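The shown structure was predicted, so the numbers you read here are calculated from the model rather than taken from an experiment.
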Amino acid sequence: MASLRMCQEPVGGFSFENCRRNAFIEAELTKQGLKVLEGRKTGTTIAGVVFKDGVVLGADTRATEGMIVADKNCSKIHYIAPNIYCCGAGTAADTEMTTQLISSNLELHALSTGRLARVATANRMLKQMLFRYQGYIGAALVLGGVDCTGSHLYSIYPHGSTDMLPYVTMGSGSLAAMAVFEDRYKQDMEEEEAKQLVRDAIAAGIFSDLGSGSNIDLCVITKNKLDYLRPFDIANKKGVRQGSYRYRRGITGFLTETVAPLELEIMEEVVHTMDTS
């Protein structure tokens, strides 16, 4: 049994008491034949690259719930400011609400200063918020934009650490996407070349990672314009069903049959079409 001790006054520096506690709980549960809870695994491929005149951001559109595809056309490129956009990987609700909150704060900042927010300001707000929650907000972000100081691209991790690089990838398909970048990236690319490079990087993640799939969205940010291309390309096109899954009536045997008539009054009838794209 674990020994009990009185609460002590906290001292400076990091505390690893919870790590020892978690290790003890895991060992005790293992002895009893119980399974320790694990973190939820998510799937996404997001990427970004800096080219001669701006930034290109890209993302797939598959949202998963465990091993189930929950949404085939999910938008993972989020608005931050007119000159700044952000791709999100991880928990969908966390990425959505985090980017909305920072977007609201940046709008207030722009109104108070009378000028567009800088990309470094958005990066600082995001990293401080994520660090405050110590990784419990499952948001891995690729932040890109163009401001008065030039084109900028950041990768922001759930614990709050950031990198500023000419090309970045994140998500479960990031290794395949990074392989494309490392093979074909070069400085001062033209816009069309950069768009094709990001498209191929996201496609590599889609075909190499089960958690990524469906379409490819791109967002091109330059000093004078913004192009949100949704979808830019359809990587996984739906095939034609080859077999027939209809069975003739009476083919399934059953033991008993009970028919219960229901007296229902239809108040309103609405027909919704299912999105199968």
Are the side chains of [X] and [Y] in touch, meaning some heavy atoms are under 4.5 Å apart?
X: I137; Y: M129; value: yes
X: F181; Y: P166; value: no
X: L153; Y: L165; value: no
X: V198; Y: L218; value: yes
X: L197; Y: V180; value: yes
X: Y157; Y: K127; value: no
X: N105; Y: E107; value: no

Legend entry - For V142, the option from C87, C86, S174 that meets side-chain contact (heavy atoms from CB on, under 4.5 Å): C87
So for atom [atom1], which belongs to [X], do other residues, nucleotides or ligands contribute more than 12 heavy atoms lying within a distance under 6.0 Å?
X: I25; atom1: CD1; value: yes
X: M164; atom1: CE; value: yes
X: E182; atom1: CD; value: yes
X: I251; atom1: CD1; value: yes

Legend entry - Parallel, tilted or perpendicular: rings of Y185 and Y167 (30°, 60°): tilted
Inset, instruction - For C74 and A63, work out which heavy atoms get closest and say how close. - result: CB-CB, 3.9 Å
Legend entry - Check: T98 side chain, D94 main-chain N or O, donor-acceptor pair, under 3.5 Å: yes
What donor-acceptor contacts under 3.5 angstrom involve side-chain atoms of residues 46-61, with partners at least two apart or in another chain?
unit_1, atom_1, unit_2, atom_2, d
K52, NZ, E190, OE2, 2.8
D60, OD1, T45, N, 2.9
D60, OD1, K76, NZ, 3.1
D60, OD2, R62, N, 3.2
D60, OD2, K76, NZ, 3.1
D60, OD2, G213, N, 3.3
T61, OG1, K72, O, 3.0
T61, OG1, N215, N, 2.9

Could you give the side-chain donor-acceptor pairs of residues 109-125 under 3.5 Å, partners two or more places apart or in another chain?
unit_1, atom_1, unit_2, atom_2, d
S112, OG, L108, O, 3.3
S112, OG, H109, O, 2.9
T113, OG1, H109, O, 2.8

Legend entry - Test: D200 and R184 ion pair at under 4.0 Å: yes
Legend entry - Residues K186, D188: salt bridge by 4.0 Å N-O rule: no
